[in-house]
Amino acid sequence: MRKEFPEYDDLYCKYCFVYGHDWAPTSGLEEGISQITSKGRGSTQSLVWNFPLDITFKSTNPFGWPQIVVSVYGPDTFGNDVVRGYGAVHIPFTPGKHTRTIPMFVPESTSRLQKFTSWLMGRRPEYTDPKVVAQGEGREVTRVRSQGFVTLQFSIITKDMKKLGYDTTSGEQAPATRLAGTEQPYRS
């Protein structure tokens, strides 16, 4: 994992997975927390977590394909841990190595008074459950501000997808994944 938050340093990451009812993790951790990382001395001002995640899912239905939700936290000027960004991305469905860059965002206070009070008290707006980031319900009324990026690298292995009627050849070999026996591409 690599992140780009130009104005912040000493950040750590929490992650969790969101998936549909037909999906079940068979091994690995569903949520976790990384170490704190600081900017390097070189010319790149990105922060790097060498934090491998290993999880295995099983399902017979692609509905509710797993997503990873990433929450980045770091200290404010008073030393309180505050959220520096939320983001989510679907786990790639083709086998192989993949890189995904997640645009991060933070909830905003709705008024100047709330903004000043939250800054003074060290209690910035944040979600009580970060999994809401991967769901659409209730988010349309949340005021947010874009803030940074997190880049994830995936190594994906699939098993028995052909047996279930799904062709998951890599994007270089086919323009889209096709359901067996259909002419229209299935796009996620």
Side-chain angles (χ1 to χ4, degrees), residues 1-20 25 28-55 64-93 97-156 188:
M1 267 188 237
R2 188 176 72 125
K3 61 186 184 281
E4 297 172 25
F5 286 85
E7 60 274 6
Y8 301 115
D9 202 1
D10 299 329
L11 302 179
Y12 65 93
C13 166
K14 292 182 181 180
Y15 73 91
C16 62
F17 291 93
V18 176
Y19 46 86
L29 297 174
E30 290 185 60
E31 57 185 43
I33 187 169
S34 75
Q35 79 280 6
I36 296 174
T37 187
S38 299
K39 291 183 180 174
R41 294 189 181 123
S43 61
T44 76
Q45 288 294 303
S46 62
L47 299 113
V48 178
W49 290 296
N50 290 322
F51 189 69
L53 309 177
D54 185 18
I55 191 164
W65 195 273
Q67 298 178 64
I68 185 168
V69 175
V70 178
S71 308
V72 176
Y73 294 85
D76 65 3
T77 54
F78 301 115
N80 301 311
D81 272 354
V82 295
V83 69
R84 295 300 186 192
Y86 292 106
V89 68
H90 280 93
I91 304 300
F93 57 87
K97 294 188 181 283
H98 305 274
T99 300
R100 299 288 187 266
T101 299
I102 308 170
M104 304 297 280
F105 63 89
V106 290
E108 283 277 290
S109 298
T110 54
S111 72
R112 290 182 192 266
L113 179 60
Q114 285 177 331
K115 191 178 281 191
F116 176 73
T117 305
S118 66
W119 175 81
L120 189 61
M121 303 298 282
R123 299 285 305 165
R124 308 266 168 82
E126 63 181 76
Y127 296 116
T128 55
D129 182 7
K131 291 181 179 182
V132 74
V133 171
Q135 301 157 348
E137 293 180 32
R139 283 194 38 212
E140 67 275 358
V141 296
T142 306
R143 181 180 290 182
V144 297
R145 174 173 44 92
S146 295
Q147 183 164 287
F149 297 91
V150 170
T151 301
L152 302 176
Q153 294 178 341
F154 294 94
S155 294
I156 303 294
S188 66

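The chain is numbered in sequence order, starting from 1. Any value given below was found using the heavy atoms of this structure, including those in side chains, with hydrogens, waters and symmetry copies removed.
Judged purely by atom type and a 3.5 angstrom limit, Gln147 uses its side chain to pair as donor or acceptor with the backbone of Arg84. Side chain of Ser34 to backbone of Cys13: a donor-acceptor contact under 3.5 angstrom is found. When atom types are taken as modelled, the side chain of Gln67 and the backbone of Ala134 share a donor-acceptor pair closer than 3.5 angstrom.
Considering only residues two or more places apart in sequence or on other chains, Glu126 meets the side-chain contact (heavy atoms from CB on, under 4.5 Å) condition with Tyr73, Val83, Tyr86. Applying the side-chain contact (heavy atoms from CB on, under 4.5 Å) test to Thr128 and every residue at least two apart in sequence or in another chain returns nothing. The side-chain contact (heavy atoms from CB on, under 4.5 Å) check on Ile156 picks up Ile91, Pro92, His98, Phe154, Thr158, with sequence neighbours excluded. Residues satisfying the side-chain hydrogen bond (donor to acceptor under 3.5 Å, both in side chains) test with Ser146, not counting sequence neighbours, are none. Scanning for salt bridge (Lys or Arg N to Asp or Glu O under 4.0 Å) contacts around Arg145 gives Glu108, with sequence neighbours left out. Remark: Ile55 pairs with Phe17, Pro25, Glu30, Phe57 by the side-chain contact (heavy atoms from CB on, under 4.5 Å) rule, at least two apart or across chains.
Nearest heavy-atom pair, Phe51 versus Gln35, reported as atom, atom and distance to 0.1 Å: CD1-OE1, 4.0 Å. Heavy atoms only, all atoms of each residue included: Glu31 and Cys16 are closest at CB-CB, 3.9 Å. Pairing each heavy atom of Tyr15 with each of Ile33, the nearest pair is CE2-N, 4.2 Å. Between Trp49 and Tyr12, the shortest heavy-atom distance links the atoms CZ2-C, 3.4 Å. Residues Ala88 and Val69 approach most closely at CB-CG2, 4.1 Å, considering heavy atoms.
Atom OG1 of residue Thr37 and atom CG of residue Asp10 lie 8.5 Å apart, to the nearest 0.5 angstrom.
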